[in-house]
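Structure first, commentary second.
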2 protein chains.
Amino acid sequence: MTTTRGYHHGDLRRALLEAAVQAIGESGPAALSLRDLARRAGVSHAAPAHHFGDKAGLLTALAVEGFDLLAAALDRADGDLLAAGVAYVRFAVGHRAHFEVMFSPGLYHGDDPAVLAARSRAWAPLRSGIAALPGGSERDALAAWSIVHGFATLWLAGALPPGIDPDPEVAARSVIRRLFEPGE
Amino acid sequence: MTTTRGYHHGDLRRALLEAAVQAIGESGPAALSLRDLARRAGVSHAAPAHHFGDKAGLLTALAVEGFDLLAAALDRADGDLLAAGVAYVRFAVGHRAHFEVMFSPGLYHGDDPAVLAARSRAWAPLRSGIAALPGGSERDALAAWSIVHGFATLWLAGALPPGIDPDPEVAARSVIRRLFEPGE
DNA sequence: CAGCATATCTTTCCACTGACAAGATGTCAG
DNA sequence: CTGACATCTTGTCAGTGGAAAGATATGCTG
């Protein structure tokens with residue numbers, strides 16, 4: 001909890017973003033209510049507007065934060081493509097609220113400069129990891145991104161058939177490896 | 001099904017579903033309004049409740065319709081996995097409204113029996129196509145589904161980097177092939 | 001320290017939404 | 001014709017997003 005130090009609230013912006021993550025985790029992005037966030041933060045229902053303009057503005061900030069977190073997680077894989085793929089899935093499962101918003105462009109201002117910049121920051125590590133691979137092509141990068149993104153999305157949607165390994169990282173590792181060793 | 005014919009409206013249920021597809025195509029599933037659908041269909045704001053109960057009920061019906069459409073499209077590939085993958089992407093792009101709802105489980109009653117049945121109908125063709133492949137495993141099915149679903153989702157989200165083939169089917173075919181011929 | 005400009009937050013208001021209840025209307029069986 | 005029923009309308013309520021205008025704390029300038 002942030003200290004009630006400094007301004008009226010302390011750091012309302014941060015508090016609202018954290019409340020949003022929690023609320024989305026409970027009921028999904030569609031059911032998000034600005035007034036509910038304001039209640040959670042202990043301020044009036046109009047306070048959020050000052051920081052984010054409107055609901056889409058708040059979700060835009062959340063998307064930027066998400067892309068930055070994702071970029072950091074992928075960077076930590078340090079060129080290891082399999083590790084990066086697993087990190088992608090780990091991020092999606094561990095930061096479900098961010099992830100769901102990030103890839104629901106109808107919810108926020110996708111053409112916001114901050115979003116565009118953060119998005120490309122997240123895309124860079126995967127791209128360079130592919131480029132470092134012998135014979136790595138644009139198509140390989142697209143295939144790698146598609147497979148991890150698809151797996152993560154299906155996992156979050158609960159659309160995967162039963163019988164999958166209950167640990168998303170284990171299941172993801174197996175699926176991603178399929179991209180490198182098709183035979184086995 | 002329950003398509004009663006020849007009442008006040010004619011077939012309000014159908015009209016509402018089609019209006020929903022159109023409205024979602026314009027503004028996304030989050031901005032969907034039952035009252036707007038009622039206006040589009042020329043009925044009062046409370047008429048939809050009688051057919052679908054509530055908003056989630058309407059989206060449940062839309063999801064079932066979507067899974068059935070998808071199952072039919074995949075069946076038409078007739079065991080050809082590459083064709084099925086392309087058909088998956090074609091469905092997602094061509095029936096964006098259905099697709100977005102289908103994989104947003106927070107929006108509808110995902111545990112509805114009709115949904116479960118339709119979902120497994122859609123999953124069956126891909127599964128059997130994999131099984132028919134020499135050495136086809138559960139992991140292969142998962143990888144195939146992940147890659148097409150991921151590509152379709154990223155395409156719809158507009159998250160793909162520039163420079164991709166503007167025709168989603170062409171780009172998808174190239175990516176999917178990566179699963180079969182990793183070398184080239 | 002004093003006074004002011006500004007960022008932050010509150011109060012008030014409006015149009016809209018989803019959901020419910022009760023009544024009206026068309027359709028069909030007998 | 002009549003009653004039963006599904007269909008649709010009207011009226012209502014709490015909750016929401018957003019705008020406008022006022023209140024208050026904070027930091028800056030002198």
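Every value quoted in this text rests on a predicted model; they were computed, and no experiment measured them. Quick note on labels: first sequence line is chain A, next is B, and so on, each numbered from 1.
Distance B:Leu12 CG to C:dG26 P: 16 Å, rounded to the nearest Å. Atom-to-atom, CG of A:Leu16 to P of C:dT8 comes out at 12 Å; the value is rounded to the nearest Å. A straight line from CG of A:Leu32 to P of D:dG15 spans 17 Å, rounded to a whole angstrom.
Listed by residue number, the members of residues 33-47 of chain B with any heavy atom below 4.0 angstrom from DNA chain D are B:Arg35, B:Val43, B:Ser44, B:His45, B:Ala46, B:Ala47. Listed by residue number, A:Asp54, A:Lys55 are the residues of residues 50-58 of chain A with a heavy-atom contact under 4.0 Å to DNA chain D. Non-hydrogen atoms lying under 4.0 Å from DNA chain D are contributed by nothing in residues 18-27 of chain B.
In the helix from C:dC1-D:dG30 to C:dG30-D:dC1, the end axes, each obtained as the rotation axis mapping the C1' atoms of four pairs onto the next four within a five-pair block, lie 10° apart to the nearest 10 degrees.
Here the side chains of A:Leu62 and A:Glu65 are in contact, with some heavy-atom distance below 4.5 Å. Side-chain contact between B:Val43 and B:Leu12 is present, with heavy atoms from C-beta onward closer than 4.5 Å.
Counting only residues at least two apart or on different chains, the ring-ring contact (aromatic ring centres under 6.0 Å, His included) pairs with a member in residues 107-144 of chain B are B:Trp123-B:Trp145. Every pair passing salt bridge (Lys or Arg N to Asp or Glu O under 4.0 Å) that includes a residue from residues 99-113 of chain A is listed here, sequence neighbours excluded: A:Arg96-A:Glu100. The stretch residues 147-159 of chain A participates, sequence neighbours left out, in no salt bridge (Lys or Arg N to Asp or Glu O under 4.0 Å) pair at all. For residues 20-33 of chain B, the pairs satisfying salt bridge (Lys or Arg N to Asp or Glu O under 4.0 Å) are B:Glu26-B:Arg40, with sequence neighbours left out. Annotation: ring-ring contact (aromatic ring centres under 6.0 Å, His included) contacts involving residues 11-47 of chain A, sequence neighbours excluded, are absent. Each salt bridge (Lys or Arg N to Asp or Glu O under 4.0 Å) pair with one or both residues in residues 120-130 of chain B, not counting sequence neighbours, appears once here: B:Asp68-B:Arg121, B:Arg127-B:Glu138.
Using a 30° and 60° split on the angle between ring planes, B:His98 and B:Phe91 fall in the tilted class, from 30° to 60°. Using cut-offs of 30° and 60° on the angle between ring planes, the pair A:Tyr88 and A:Phe99 is perpendicular.
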What pairs of donor and acceptor atoms, side-chain ones from residues 152-169 of chain B against any protein atom, are under 3.5 angstrom apart with sequence neighbours left out?
from     : atom 1 : to       : atom 2 : distance (Å)
B:Thr153 : OG1    : B:His149 : O      : 2.7
B:Asp165 : OD1    : B:Asp167 : N      : 2.8
B:Asp167 : OD1    : B:Glu169 : N      : 2.9
B:Glu169 : OE1    : B:Arg90  : NE     : 3.3
B:Glu169 : OE1    : B:Arg90  : NH2    : 3.2
B:Glu169 : OE2    : B:Arg90  : NE     : 3.0

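For the atom pair B:Ile147 CD1 and A:Ile176 CD1, the distance stands at 11.0 Å (nearest 0.5 Å).
B:Ser128 is linked by a side-chain contact (heavy atoms from CB on, under 4.5 Å) to nothing, counting only residues two or more places apart in sequence or in another chain.
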